[in-house]
Visitor: 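Before anything else, here's the structure in question.
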Amino acid sequence: MLVDEAYHHFVQDPSYAESLPYVLEGRNVIITRTFSKIYGIAAMRLGYAIAKPELIDRMRPHSTGSVNALVKWGGAAALKDKEAEAWVLNKTVELREKMVAGVKSMGFDVLPSNTNFFMMHTVRPSSEFRSAFRERGVAVGRDFPPMLDWLRVSVGNEEENERFMQALKEIA
Ligand SMILES: Cc1ncc(COP(=O)(O)O)c(C=O)c1O
C-alpha cells in the first residue's frame, strides 16, 4: 500500500494518525512525502519515500537516484528550519480559513480541509468556473474526476486570494 502524505505537515485534525508505525511494524507500506507543500519548493522536484529496506531496494532500479546538489542542500535546510515550517502552517491555515469563510458566505459548500487548498462545490461543472477565472487572470485547480462539480482552490498570498474572491464575486 502507498500512502501519500504530501499534506502531512498541515494536518490539525486530532483524529489524524501518520502511517510511520505501519512501516516500523514491517508491513508492505510505502509512505511518500514531498518538499512541494509545507516547504514551498515545488519546482525543485524533491521528495522521499519511507518503507522497509526490501521495498526501497526493489524500487531503487526504477529511479535515477539523482538529485541536483543545490536542491539537496535546500531540502536539508528546509527540514531544519522548524520556525519557517510553523510560520507557513499558521499563515496557510489563517488565509485558508479567511477564504473558506468568504466562499461559504456566498453560499458555496466547502469540504473540510487539512491542506493548503480547499474544495468548493460549484454545482455547475467546475470547468465553467475554471475558464471564467482564467479570463480574469486567476489560475485554479484542474478537474478531479469524478468530482466534476467541485473546484480545487489553492491558498495563495493575501493579494492573490483577494483577486480570487473578487473574480468569484463577478463569476457567481
Ligand atoms: C496529494 C498530492 N500528492 C503529491 C503532490 C505533488 O507532489 P510533488 O510536487 O512532489 O510531485 C500533490 C500536489 O498537488 C498532491 O496534491
Side-chain angles (χ1 to χ4, degrees), residues 1-13 15-23 27-51 55-56 58-82 84-97 99-100 103 108-122 125-127 129-131 133-134 137-157 160-161 163-164 168:
M1 180 194 283
L2 188 136
V3 185
D4 180 350
E5 290 191 350
Y7 298 98
H8 164 79
H9 302 90
F10 287 102
V11 182
Q12 295 186 307
D13 181 339
S15 67
Y16 170 77
E18 61 180 328
S19 304
L20 198 54
Y22 300 127
V23 173
R27 298 200 199 194
N28 283 329
V29 169
I30 301 166
I31 301 171
T32 55
R33 293 196 185 161
T34 175
F35 284 77
S36 297
K37 307 298 173 185
I38 197 101
Y39 302 122
I41 49 176
M44 303 294 117
R45 314 312 301 147
L46 184 66
Y48 58 92
I50 310 169
L55 282 182
I56 297 285
R58 281 175 62 191
M59 289 189 289
R60 209 180 290 281
H62 304 287
S63 160
T64 62
S66 115
V67 177
N68 172 304
L70 271 182
V71 171
K72 205 185 292 185
W73 283 105
L79 286 176
K80 284 187 196 145
D81 196 346
K82 294 292 165 198
E85 186 179 320
W87 186 88
V88 172
L89 170 64
N90 292 332
K91 197 70 190 168
T92 305
V93 172
E94 175 199 322
L95 294 178
R96 184 190 71 211
E97 292 313 304
M99 286 177 96
V100 166
V103 167
F108 293 97
D109 275 344
V110 176
L111 293 183
S113 169
N114 276 275
T115 68
N116 61 355
F117 67 89
F118 60 88
M119 301 292 292
M120 59 178 277
H121 193 200
T122 50
S126 61
S127 54
F129 279 71
R130 195 168 298 107
S131 320
F133 273 116
R134 196 177 304 119
V138 176
V140 291
R142 61 172 171 86
D143 268 344
F144 284 86
M147 298 171 74
L148 296 176
D149 51 356
W150 289 82
L151 187 67
R152 172 169 159 158
V153 182
S154 291
V155 178
N157 62 31
E160 289 164 339
N161 296 346
R163 275 176 55 200
F164 166 83
L168 182 60

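For ligands, and for the atoms within them, numbers begin at 1 and follow the listed sequence.
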Visitor: Does anything in residues 30-46 form a salt bridge (Lys or Arg N to Asp or Glu O under 4.0 Å)? List the pairs, not counting sequence neighbours.
Guide: Glu5-Arg33, Glu18-Arg33
Visitor: Under a 4.0 Å heavy-atom cut-off, what residues line ligand 1?
Guide: Asp4, Ala6, Tyr7, Thr34, Ser36, Lys37, Arg45, Arg152
Visitor: Does NZ in Lys80 sit with more than 12 non-hydrogen atoms of other residues, nucleotides or ligands closer than 6.0 Å?
Guide: no
Visitor: Could you measure the distance from the OG1 atom of Thr92 to the CH2 atom of Trp87? Nearest 0.5 Å is fine.
Guide: 7.5 Å
Visitor: So, is the end of the Arg27 side chain (NZ or CZ) under 6.0 Å from the ring centre of Tyr22 and within 45° of the ring's axis?
Guide: no
Visitor: Please list, chain by chain and in numerical order, all residues satisfying side chain to side chain contact (heavy atoms under 4.5 Å, CB included) with Ile38, sequence neighbours excluded.
Guide: His9, Phe10, Glu85, Val88, Leu89
Visitor: The criterion is ring pair (Phe, Tyr, Trp, His ring centres under 6.0 Å); which residues satisfy it with Phe108, sequence neighbours excluded?
Guide: none
